[in-house]
Amino acid sequence: MLDIKLLREKPDFVRERLAARRGGDDAKVAEVLAEDERRRNALAETEKLKARRNSASKEIGALMAQKKAAEADAMKAEVRSIGDRIAELDREVADAVARRDDLLLSIPNLPHPSVAHGATAEDNPEIRRWGSPPAFPFKPLNHVALCEKLRLIDFARGAKLSGSGFLLYTGWGARLERALINFLLELHQNEHGYREVAPPYIVGEHCMVGVGQFPKFKDQAYAVQEGLDASTLGKLYLLPTAEAPVANIHREEILLGPDLPVRYVAYSPCFRAEAGAAGVGTRGMIRVHQFDKVELIKIVHPDSSYDELASMVRNAETVLQRLGLHYRVINLCTGDMGFASAMTYDIEVWAPGQGQFLEVSSCSNCEDYQARRMNLRFKDPVSGDNRFPHILNGSGTALARLFVALVETHQQADGSILVPEPLRPYLKADTIPAGS
RNA sequence: GGAGAGGUGGCUGAGUGGUUUAAGGCGCACGCCUGGAAAGCGUGAGUAGCUAAACACUACCGGGGGUUCGAAUCCCCCCCUCUCCGCCA
């Protein structure tokens, strides 16, 4: 969430930054400030009364010790009426805080000043391209045809088991998926300095709030309940990204300065309801309800967060370079950025069978927006103050679309798929044979 | 799921209704002492709110609610940890 002090001190600046976003509702600023004002007024009064009550209670104790019961009783009556007013004011404070915080939780992060103004994905500046689209001396197939021909994925039976949007990986397909997961984890751990963690795949609601998934995207999550006990519904959710548990690992802690930067890499499946997205580019593996992803998370000092973002993007790019896949990096404009992000780079890989770039990684600096929501702080070694660190997340990378680009790019004239050299130790094969 | 025990500051550990503004100890920071150190002595130190800032004040003893003039302490609900039992990959 945003810093309430920033809203108090520079409300016009906040309004202007919010207006630059798609869905940035700058009208909420005034509502937040009104609740904050109500809270402070009630708080000032209740604290004065509490000070009076505390001192009076001590006096009562002294009077009773001196056996002055009549005087003590008179004071008790006075304090009792103060107590009623305190209870009233405390309710007002609690109500104002609840309303203020509900509003704050629904306000997105402010875009970094350098982010390009724009409305849609059309306005995202392209930063760079790597490699070039492969040229085929034969008619290349798309991944759906390839997967069916090589029996990598059984789309029909996946849908039979769990409905459309769920994949059944089979044979070489399952092995390739597993090889990719291991390749990615080991790359980021061994070469890029991330610590590997394996998180729960079900997370509490507070974690979803912490990273900014909730309350806005509640309709996109799978809620789970315990058995038939519907009263447990709404407490636990299947994770839409490993960011949800991993970014929250240190929530409500005060990290020591030397602990930073913290860098984690985690594999997890990701579950997304994709409500309302049916029929939009849903053929094959491009948009599915469950996919695998290797996620990168960093918790860093505010001064170094943009350097850390740049290196995170390079870490994700390394994946595509090693696998010999053509890609481009774009910088999301104000209108296309995610809810919690101050700046986002997307990496899009070229899928020859689709004739388009597919997003396989999104690397964001959320600055202190998430840290504030999860009350994660660090002790600044210079000032000794407790401050909010910056939290970054990036896919390193999403697997389903990587799978698509890989098989489409490296398909051979004989129908086999050439396995890129760095992946061979993991798959224990040079090619996926045509007649598998 | 059942039974029992527990949750107090960075750690340890007192505290069953009123100078507790949470004792004592360990550890920490600073100072005195010393040639230097240790020991000793002294001082300080939690988190947040409020404030332009500071002082003061308020809140915080797992979380929430209640009783009371006053709650770490009494009552109720919940969460977590540990031990044993049951079930289980």
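In what follows, every chain begins at residue 1, and chains take the letters A, B, ... in the order their sequences are listed.
The 5' end of RNA chain B is approached more closely, in terms of each residue's nearest nucleotide, by A:Gly61 than by the other of A:Gly61 and A:Ala77. Between A:Met75 and A:Arg52, the residue anchored nearer the 5' end of RNA chain B, judged by the nucleotide with its closest heavy atom, is A:Arg52.
Side-chain proximity of A:Asn54 to B:U51, B:G49, B:A59: nearest is B:A59. Among B:G49, B:G18, B:U47, the nucleotide with an atom closest to any side-chain atom of A:Ile254 is B:U47. Of the candidates B:U47, B:C50, B:C69, B:C50 carries the atom nearest the A:Arg40 side chain, counting heavy atoms from C-beta on. With distances taken from any side-chain atom of A:Lys58 to the nucleotides B:C50, B:C69, B:U21, the minimum falls on B:U21. Across B:U47, B:C50, B:C69, the shortest atom-to-atom separation from the side chain of A:Lys379 is found for B:U47.
Among the heavy atoms of the strands lying under 4.0 Å from A:Leu43 are primed sugar atoms or P, OP1, OP2 only; no base atom is included. Residue contacts for A:Ala56: at a heavy-atom cut-off of 4.0 Å it reaches no nucleic acid atom on any strand shown. Using a 4.0 Å heavy-atom distance criterion, A:Asp73 is classed as making no nucleic acid contact. Note on A:Arg100: nothing from the nucleic acid sits closer than 4.0 angstrom, heavy atoms only.
A salt bridge between A:Arg91 and A:Asp95 is absent, with no side-chain N of the basic residue lying under 4.0 Å from a carboxylate O of the acidic one. Salt-bridge annotation for A:Glu252 and A:Arg377: absent, with no side-chain N of the basic residue lying under 4.0 Å from a carboxylate O of the acidic one. Under 4.0 Å is where a charged nitrogen must lie from a carboxylate oxygen, and between A:Lys379 and A:Asp385 no such pair does.
Within the 4.0 Å cut-off from OP1 or OP2 of B:A48, at least one side-chain nitrogen or oxygen of A:Arg377 is found. A sub-4.0 Å separation between OP1 or OP2 of B:C60 and a side-chain N or O of A:Lys50 is absent. OP1 or OP2 of B:U67 has not a single side-chain nitrogen or oxygen of A:Arg80 nearer than 4.0 Å. Residue A:Asn386 has a polar side-chain atom (N or O) positioned under 4.0 Å from OP1 or OP2 of B:A48.
With both pairing distances under 3.5 Å, B:G4 is matched to B:C82 as a Watson-Crick or G-U wobble pair. Nucleotide B:C41 forms a pair with B:G31, judged by Watson-Crick or G-U wobble geometry with both contacts under 3.5 Å.
We find that CZ of A:Arg53 is positioned 16 Å from P of B:C57, with the value rounded to whole Å.
Interatomic distance, CZ of A:Phe339 versus CD of A:Gln213, reported as 10.0 Å (0.5 Å rounding).
Checked against the 6.0 Å centroid threshold, A:Phe403 and A:Tyr169 count as a close aromatic pair.
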